[in-house]
Amino acid sequence: MSEIKINLAPRGSKAAGEIHVKRVGSGPALMLVHGFPFSSGMWWNQVDGLADRFDLVIPDLRGFGQSSDLESGWEIRDFADDLARATQFLKIESLIYCGLSLGGYVGFELLSKYPELISKIVLCNTRASIDDQATARGRRLMAERVRREGTGFVKPTMLPRLLAKPNAGKVRVTGLDGLFEGLRAESIAQTQIAMANRRNFAPLLHSIDLPVTLIAGEGDAITPVTEMSGMAAGIEGAELHVVSNAGHLTPIENPEEFNQVLNGLS
Ligand code: MLT
């Protein structure tokens, strides 16, 4: 596996930064973009299961993993700009994009601004619509709390909602502790605010004209199957796969079924 550090020049009001990308395997380029508040480390089952078939490009979004810090005023589209520049640096002209939850929000921005870069998109455990008022308020409260108290409460607060009920607290899902290592308070705060302010892509779904695969977890309490099937209904030709025995973390909770979907992409 190559570990690549990419320096990003300043753009507009955004300062220079550094983004860390793992690259492994051979075949068509497949970018795997993590959820919140994780990092490239969440895809270990895909490194094992997909590198024979794909050139895996696995970034840490800015503010997470080994990438540099986020700055204030950060928006979801800024993550997409970073990824577009990273692919330029890596000389990748076209890729299959796969994003989970926050990674899906970033995928919509990337598709909107850099459509030529994406040949297919896989949206996992995510939504196109924006938050209701209570959710957006909860994000702002979390941003205030993490700035005040630090990151200690994040794992105990988030973990119970991430997993499908039968998995919660069981050893079957391994590696979860590592997911919450190295969290940065300011990244969490800035990203929550960015997610609360994200663009609504629900009205634009009908205009997506590339192959779309949607992956839902049958027990996902955060982005329920009904949300994902509503999204599938809005995108012409979209394929929806509902992964069994999985909640919000489909690639971790049921890697076999998750990888089968990706390995089956034509
Ligand atoms: C994620 O997994 O990225 C989060 O659930 C995204 C969100 O909070 O909307």
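Please read all numbers here as calculations on a predicted model, not as lab measurements. Reckoned from all heavy atoms, side chains included, excluding hydrogens, waters and symmetry mates. Order of listing sets the numbers, starting from 1, for every ligand and every atom in it.
- Sorted by chain then number, the residues whose non-hydrogen atoms approach ligand 1 to under 4.0 Å are Gly35, Phe36, Ser101, Leu102, Tyr105, Arg139, Met195, Ile222, His248.
- Below 30°, between 30° and 60°, or above 60°: for Trp43 and Phe258 the angle between ring planes is between 30° and 60°, a tilted geometry.
- Paired with Lys22 under the rule side chain to side chain contact (heavy atoms under 4.5 Å, CB included), one option of Ser2, Pro59, Ser40 passes, and it is Ser40.
- Counting only residues at least two apart or on different chains, the salt bridge (Lys or Arg N to Asp or Glu O under 4.0 Å) pairs with a member in residues 97-114 are Asp81-Lys113, Glu109-Arg199.
- Applying the side chain to side chain contact (heavy atoms under 4.5 Å, CB included) test between Leu83 and each of Leu95, Ile19, Val57, Asp78 identifies Ile19 as the sole match.
- The aromatic rings of Phe108 and Phe201 lie parallel to each other, with less than 30° between the two planes, well short of the 60° mark.
- At a threshold of 4.0 Å, the pair Arg137-Asp131 does not count as salt-bridged, since none of the basic side-chain nitrogens sits closer than that to a carboxylate oxygen.
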